[in-house]
Amino acid sequence: MKIEYTQDTISIEDKVISALDRFVLDFIHLLEKYTDYVIVSGYVPILFGRSRGTEDIDILIKRFDEDVFTQFYDLLIKKGYYFLNPEDSHGLYEMLCECLGIRAAKEDTIIPNVELKFVKNDLDDFSIGKKIKVMLSDKKYLFISPIELEIPYKLYLGSDKDIEDAVYLWGIFKDKIDLNILNRFMKKLNVDGREHGIGI
Amino acid sequence: MVENMELVFDREANRRERLWFVRYYTDWVRKVPNRVWSREQAKFIDSLILNSRNFYLSPEEYLKMKENGSQVKKKR
């Protein structure tokens with residue numbers, strides 16, 4: 001794997017774009033017209049090569065007004081998406097404000113889908129404030145949460161799949177990330193990666 | 001008959017084996033050019049996406065399933 005890693009950018013040249021990558025890139029191309037976003041959780045290790053699929057892409061978004069959401073909603077519908085939740089535009093916006101996730105997919109499909117949530121705590125604020133721009137071929141790009149937070153968060157979630165994701169991200173990025181920041185999040189989330197060789 | 005079958009699945013051994021594979025696979029990804037690992041991954045993921053067209057739950061049933069799952073999982 002050849003990646004160029006700086007404080008706020010990761011470049012992956014020559015990555016073959018999968019159908020899942022295309023789905024994500026198409027969606028965020030619409031989303032970013034309306035708000036800042038950051039992709040978190042399962043899609044992050046997949047973007048960097050982890051050999052697994054996922055049903056949903058978790059995206060945190062900055063809070064915005066309902067009229068902006070209505071414009072975004074109308075654009076999605078026009079572009080062939082729908083929301084799995086039965087609520088109308090107003091109801092979906094209320095769900096976001098209650099810190100609930102809302103799910104969008106392409107018409108006549110359920111998988112893959114995007115789960116959108118408003119940022120709601122310090123960790124989310126860090127994710128979006130320190131987001132990393134991932135540059136792909138053909139000037140395509142997307143924003144992900146910092147790897148230094150993703151690894152501890154995966155350990156915190158703690159399922160077999162999450163721990164495997166953490167081990168994978170560590171294996172790929174261990175000589176590139178800021179270990180001080182990683183260890184600060186390990187401490188904050190009260191997780192210990194030493195059993196898996198993480199953070200040493 | 002089923003009652004007499006011995007349960008031989010060792011969850012811990014399975015977990016260790018999976019983690020071994022993740023590390024093995026990570027080493028491979030690090031060694032090969034981007035085009036190689038990503039081509040293999042894209043083939044795998046594209047087949048999963050293709051197969052997801054056979055997904056038989058309705059949006060309502062799917063949301064219910066996710067809701068039940070999130071109650072037992074700590075999530076962002």
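Below, chain A is the first sequence line, B the second, and so on; all start at residue 1.
Residue A/I102: no heavy atom, backbone or side chain, is found under 4.5 Å from chain B. If you measure heavy-atom distances from A/R22 to chain B, you find no contacts under 4.5 Å at all. For A/T109, no part lies near chain B; criterion is any non-hydrogen pair under 4.5 Å. If you measure heavy-atom distances from B/R53 to chain A, you find no contacts under 4.5 Å at all. Residue B/V29 touches chain A through both its backbone and its side chain, counting heavy-atom pairs closer than 4.5 Å. For B/R11, the part sitting under 4.5 Å from any heavy atom of chain A is the side chain, from C-beta outward, and nothing else.
Using a cutoff of 4.0 Å between basic side-chain nitrogens and carboxylate oxygens, B/R15 and A/E195 are scored as salt-bridged. Under a 4.0 Å N-O distance rule, the pair B/R30/A/D175 qualifies as a salt bridge. At a threshold of 4.0 Å, the pair B/K66-A/E55 counts as salt-bridged, since one of the basic side-chain nitrogens sits closer than that to a carboxylate oxygen.
The CZ atom of A/R50 sits 9.5 Å away from atom CZ of B/F44, with the distance rounded to the nearest 0.5 Å. From B/R39, atom CZ reaches atom CD1 of A/I17 across 14.5 Å, with rounding to the nearest 0.5 Å.
B/L63 and A/R103 make their closest contact through CD2-CD, 3.6 Å (heavy atoms, listed as atom of the first residue, atom of the second, distance). Of all non-hydrogen atoms in A/S18 and B/I45, the two that sit nearest each other are OG-CG2, 4.0 Å. Residues B/R23 and A/H196 approach most closely at NH2-O, 3.3 Å, considering heavy atoms.
Hydrophobic cluster membership differs between A/I110 and B/I49, with clusters built from Ile, Leu, Val, Met, Phe, Trp and Tyr side chains linked at under 4.5 angstrom. B/L48 and B/M65 fall into different hydrophobic clusters, where Ile, Leu, Val, Met, Phe, Trp and Tyr are joined by side-chain heavy atoms under 4.5 Å apart, directly or via other members. B/Y62 and A/F27 are members of different hydrophobic clusters when ILVMFWY side chains are connected at heavy-atom separations under 4.5 Å. Both A/I10 and A/L179 sit in one connected hydrophobic cluster of ILVMFWY residues. Membership requires side-chain heavy atoms under 4.5 Å apart, directly or through other members. Both A/Y168 and B/W20 sit in one connected hydrophobic cluster of ILVMFWY residues. Membership requires side-chain heavy atoms under 4.5 Å apart, directly or through other members.
Taking a 6.0 Å sphere around CD of A/Q7, one finds it holds 12 or fewer heavy atoms contributed by other residues, nucleotides or ligands. Annotation for B/E61: atom CD counts as buried by contact number, over 12 foreign heavy atoms lying within 6.0 Å. Taking a 6.0 Å sphere around CG of A/D67, one finds it holds more than 12 heavy atoms contributed by other residues, nucleotides or ligands. A 6.0 Å sphere centred on CD of A/E32 holds more than 12 heavy atoms belonging to other residues, nucleotides or ligands. Within a 6.0 Å sphere centred on NZ of A/K176, heavy atoms belonging to other residues, nucleotides or ligands number more than 12. The local environment of CZ in A/R63 is crowded, with over 12 non-hydrogen atoms from other residues, nucleotides or ligands closer than 6.0 Å. Within 6.0 Å of CZ on B/F55 lie more than 12 heavy atoms contributed by other residues, nucleotides or ligands. Under a cut-off of 6.0 angstrom, the local environment of NZ in A/K106 is crowded, with over 12 non-hydrogen atoms contributed by other residues, nucleotides or ligands.
Looking only at distances, a side-chain donor or acceptor of B/Y25 sits under 3.5 Å from a matching main-chain atom of A/G49. At distances below 3.5 Å, not a single donor-acceptor pair connects side-chain atoms of A/E164 with backbone N or O atoms of B/V22. Within the 3.5 Å criterion, the main-chain N or O of A/I111 finds a donor-acceptor partner in the side chain of B/S52. B/S38 contributes a side-chain N or O that, together with a main-chain N or O of A/V16, makes up a donor-acceptor pair within less than 3.5 Å. One N or O on the side chain of B/N34 and one on the backbone of A/E13 form a donor-acceptor pair closer than 3.5 Å.
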Problem - Stepwise side-chain contact (heavy atoms from CB on, under 4.5 Å) check, B/K31 with A/M1 - result: CA-CA 6 Å; B/K31 279 179 200 157; A/M1 172 180 276; over 6 Å; no
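Applying a 4.5 Å heavy-atom cutoff, the residues of residues 78-91 of chain A that approach chain B are A/Y82, A/L84, A/N85, A/P86.
In this structure, B/T26 and A/F48 have side chains that are not in contact, with every pair of non-hydrogen atoms separated by 4.5 Å or more. For the pair A/S51/B/F21, a side-chain contact is recorded, criterion being any heavy-atom separation below 4.5 Å from C-beta on.
Contact count against chain B (heavy-atom pairs under 4.5 Å) is highest for A/I46 among A/N121, A/D21, A/I163, A/I46. Note on A/A105, A/P112, A/A19: by heavy-atom pairs under 4.5 Å with chain B, the leading option is A/A19. Comparing A/D160, A/L20, A/I12 by heavy-atom pairs within less than 4.5 Å of chain B, the highest count is held by A/D160.
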